[in-house]
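Each ligand, and each atom within it, is numbered from 1 in the order the structure gives.
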Amino acid sequence: MSSAPHDTGTANPAHVAIIMDGNGRWAKMRGLPRQEGHRRGLEALRRTVRNASDLGLSVLTLYSFSTENWRRPHAEVSFLMGLLKHFVEKDLSELADANVRVRIIGNREDLPADLRRLVEHAEARTADKTGLILVIAFNYGARDEILRAARKLAAGVAAGRLAPDAIDEAALSASLDTWDLPDPELVIRTSGETRISNFLLWQSAYAEFVFTPVLWPDFDRAAFEDALAQYRGRERRFGGLGAAALRSVDVA
Ligand code: FPP
């Protein structure tokens, strides 16, 4: 799904996706262990969910653990798994009370069974909520997601349920983990890094990007509003011409 062409970007985006980066550097600058950076990162995550609800966004996607993060030391990987568990166990009731619907995207196969059950429970418990959709990308990699979608489509073809020609953009989108979600209009990355790091590669084809130097644990309401203001100042053309250029086109 995508927004209308020639959107002048005056409204807030409905779907904001964030690459939460800089926890380690935040901790290092203070002489603290990396884990403390992640702990403070979880506080920033909670704050950002509240702000997204207050600001009336429809969808907030947060990149919490990538398929590449398994390369980190075992202790850090376990800590991040534990942090997700802690977040879901501790915050689920509060999220449900705030009318937040929780969704997890990513490859669930490789997650520990207890974590998999917990995320399924979080989704089921909040399935009827109608406020903000909080999408946690966990063990998520866009290439992995696209591969899994391609395999699903190929299985459909092999079983005779799907003609190869029927594989179009809509069919691929519908086979992704985000099959029922709108594409992000704004992707924010914190910590000054300017990479996409295998995040929502298909879905962010027409997204605006904001790179902020703020480290994730310091990401606050002001930093969020600044990114939204940058988005509102952009002109989204979706491959077409801008409004000013269109006005000057001789259509006669
Ligand atoms: C990037 O910082 C951050 C992560 C890989 C993990 C993100 C996790 C949180 C924000 C905490 C909440 C977590 C869950 C699971 C709900 P980095 O460690 O790469 O920082 P650095 O680049 O400064 O080292």
Query raised in the report: Side chains of Glu43 and Arg39: does their closest heavy-atom pair fall under 4.5 Å?
Result: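 Of all side-chain heavy-atom pairs linking Arg39 with Glu43, none is under 4.5 Å.
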
Listing, residues 210-217 side-chain donor-acceptor contacts under 3.5 Å, not counting sequence neighbours, or none:
from   : atom 1 : to     : atom 2 : distance (Å)
Thr212 : OG1    : Val214 : N      : 3.2
Trp216 : NE1    : Gly41  : O      : 2.9

Query raised in the report: Take atom CZ in Arg108; do more than 12 heavy atoms of anything else shown fall under 6.0 Å from it?
Result: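 Count over threshold, so yes.
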
Query raised in the report: So how far is it from Ile136 CD1 to Phe65 CZ, rounded to the nearest 0.5 Å?
Result: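 If I round to the nearest 0.5 Å, the distance is 14.0 Å.
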
Would you be so kind as to tabulate the donor-acceptor pairs closer than 3.5 Å made by side chains of residues 153-172, with sequence neighbours excluded?
from   : atom 1 : to     : atom 2 : distance (Å)
Asp168 : OD1    : Ala170 : N      : 3.3
Asp168 : OD1    : Ala171 : N      : 2.8

Requested in this report: Name all residues meeting the ring-ring contact (aromatic ring centres under 6.0 Å, His included) criterion together with Phe87; count only those two or more places apart in sequence or in a different chain, and write none if there are none.
Outcome: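 By the ring-ring contact (aromatic ring centres under 6.0 Å, His included) rule, Phe87 matches no residue at all.
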
Would you mind listing each N/O atom of ligand 1 next to any protein N/O under 3.5 Å, plus the distance?
from     : atom 1 : to    : atom 2 : distance (Å)
ligand 1 : 2 (O)  : Gly22 : N      : 3.4
ligand 1 : 2 (O)  : Asn23 : N      : 3.4
ligand 1 : 18 (O) : Arg34 : NH2    : 2.8
ligand 1 : 18 (O) : Arg72 : NH1    : 2.9
ligand 1 : 19 (O) : Asp21 : OD1    : 3.4
ligand 1 : 19 (O) : Arg72 : NH2    : 2.7
ligand 1 : 20 (O) : Gly22 : N      : 3.4
ligand 1 : 20 (O) : Asn23 : N      : 3.2
ligand 1 : 20 (O) : Gly24 : N      : 3.0
ligand 1 : 22 (O) : Asp21 : OD1    : 3.2
ligand 1 : 22 (O) : Arg25 : NH2    : 3.0
ligand 1 : 23 (O) : Gly24 : N      : 3.3
ligand 1 : 23 (O) : Arg25 : N      : 2.7
ligand 1 : 23 (O) : Arg25 : NE     : 2.7
ligand 1 : 24 (O) : Arg34 : NH1    : 3.0
ligand 1 : 24 (O) : Arg34 : NH2    : 3.3

